[in-house]
Amino acid sequence: MGEEKKTPFIPDFFRQTLSTFVPEWVKSSKPAPAGEPGGKPLLLKGGHCAIPHQGLIPLDVKIRGTRIELIGENLSDPQALTVDVRGKVVMPGVIDPHVHLGLFTDFDTELVTETRSALLNGVTTLGLYLGGQDSYLDKLDGIISKIENTSFCDIFIHLVILTRRQLEEVPVYSSRYGITSFKTYLCGIPGLIPEVEDDFLLDLMERVSGLGPGATLNIHAENYRIVQRATERLKRAKPFCESLTDWEGSHPAIAEAEAIQRAAFLSRETGARIYVVHVSSEEGIQAARDLKPKTKNLFFETTSPYLTLDLEQDLDLLYKMVPPIRRRKDQKALWQGLADDTLDTIGSDHTPMSSAQKKTSVNLWEVPPGYPAVGTHLPSLLDHAPRNGLPLTKLVEKMCASPATIFGLYPRKGTLLPGSDADLVIVDPSLKKEATPQAAGSRSDYCLHQGKVLKGWPVAVIKSGQWLTPDTLDRARRSLGARYLRRG
Ligand SMILES: [Zn+2]
């Protein structure tokens, strides 16, 4: 890391509230060499480790190089840089399995700005969707090398499959690039993404299941005819509209429930392993709950915005998304779905947009869907989980271990075990702080929950063994060695 003076990455809130938590080397402005080859080990002492499926346990963590070396009681090592993390929760780095980049601004820019936003806020690994209707074969080498050269986070790729050519190439994407998850849309996004019909869906399921037991087809599950019918009715009645409630009306929950049932039915026919993205409604959850006991290899995701935002809050068109943000009863059903394991994972569906890009129109029907969500993903859930009765360990399971397991990254990612990658987040569960675009750190000039005080924030992030602070983050990007995660 050279001789240059390092300003330690200590957010203001951290300085104010965590005097006992500031490691000596930070106080003296010395760089943290942990994580570098030959560097000293890093020892986190006195914290509570949130270990998925085990609980919240008082344990110390020793990190050497880019891996966790040891977890145990009363660890000591005179050689190590020791950090007192009493009163804090040490959890695995969050895996956000659902992120889009480059849809509204160029990909290269967002690969830097948005992975930075993620890492600042505790998300160390991203599942990135790549879309379009062309073959990916001439693009993937370039994208993977960009990831390894400019990203702050480790990234695995899901490929959107919409055309026959892409479908034929699925085995090549898998063998050449280690891509084992694909996505298709039973309801598209008009003007942006077409939907596929059931014959295509069946062919794609067969193709994906032919790759082997770990390969997964991710499905945007809404019945597009039902959505079209509802949308056309509402548009006729209200050609100019500013209400998110009408947006919710244009995407009826039965469209989601029907498509989930159809997808699960067809997956049983084809043996495909399927993962339904962004379940948003009570009806969707109920369908999922009914299907799970009788369908093998069926997984469900919801998103942090659906768990933390609802139509009873006064939300404007900056919050337009597909599927829509729904009612409080839907949100309650989603929390219940996490508690009873109907839902497996939580993503963010991060689609970075500026407020100007949202406000190209003031008419609901013309506003593009999407919002920046990865920067508020962890804090918004830390804030909402306790009041919805979800234990922290369960939340960590859904945000870390479960996406890692489903997408073939466990136990390297998603947990705290000796040998796992040293990607960790240190959380102060009682820290209250306002959600601001600056804290979220996206290129977007707005953030979800903006102006609200959330309780529970990451206070430090360790990526590939390196203790990161806002000031060292940019310099550290190269040495973080962000990786493209090949699977299968
Ligand atoms: Zn999405």
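Order of listing sets the numbers, starting from 1, for every ligand and every atom in it. Heads up: numbering here begins at 1 and tracks the sequence.
Judged by distance alone, with hydrogens and angles left aside, the side-chain atoms of Asn121 form a donor-acceptor pair with the main-chain N or O of Ala439 at under 3.5 Å.
Between Arg387 and Asp383, at least one side-chain nitrogen of the basic residue sits less than 4.0 Å from a carboxylate oxygen of the acidic one, meeting the salt-bridge criterion.
Among residue pairs with one or both ends in residues 123-151, those qualifying as ring-ring contact (aromatic ring centres under 6.0 Å, His included) are His98-Tyr129, His100-Tyr129, Tyr129-His158, Tyr136-Tyr173; sequence neighbours excluded. Legend: side-chain hydrogen bond (donor to acceptor under 3.5 Å, both in side chains) pairs involving residues 366-376, not counting sequence neighbours, sorted by first then second residue: Ser361-Glu366. Identified under the side-chain hydrogen bond (donor to acceptor under 3.5 Å, both in side chains) test for residues 144-156, with sequence neighbours left out: Asp108-Lys146, Asp154-Lys413, Asp154-Lys463, Asp154-Arg483.
For the Zn ion (ligand 1), the count of nearby protein N/O/S atoms, taking only those under 2.8 Å, is 3.
Applying side-chain contact (heavy atoms from CB on, under 4.5 Å) to Arg165 and the options Leu162, Ile161, Leu167, Thr163 leaves one that passes, Thr163.
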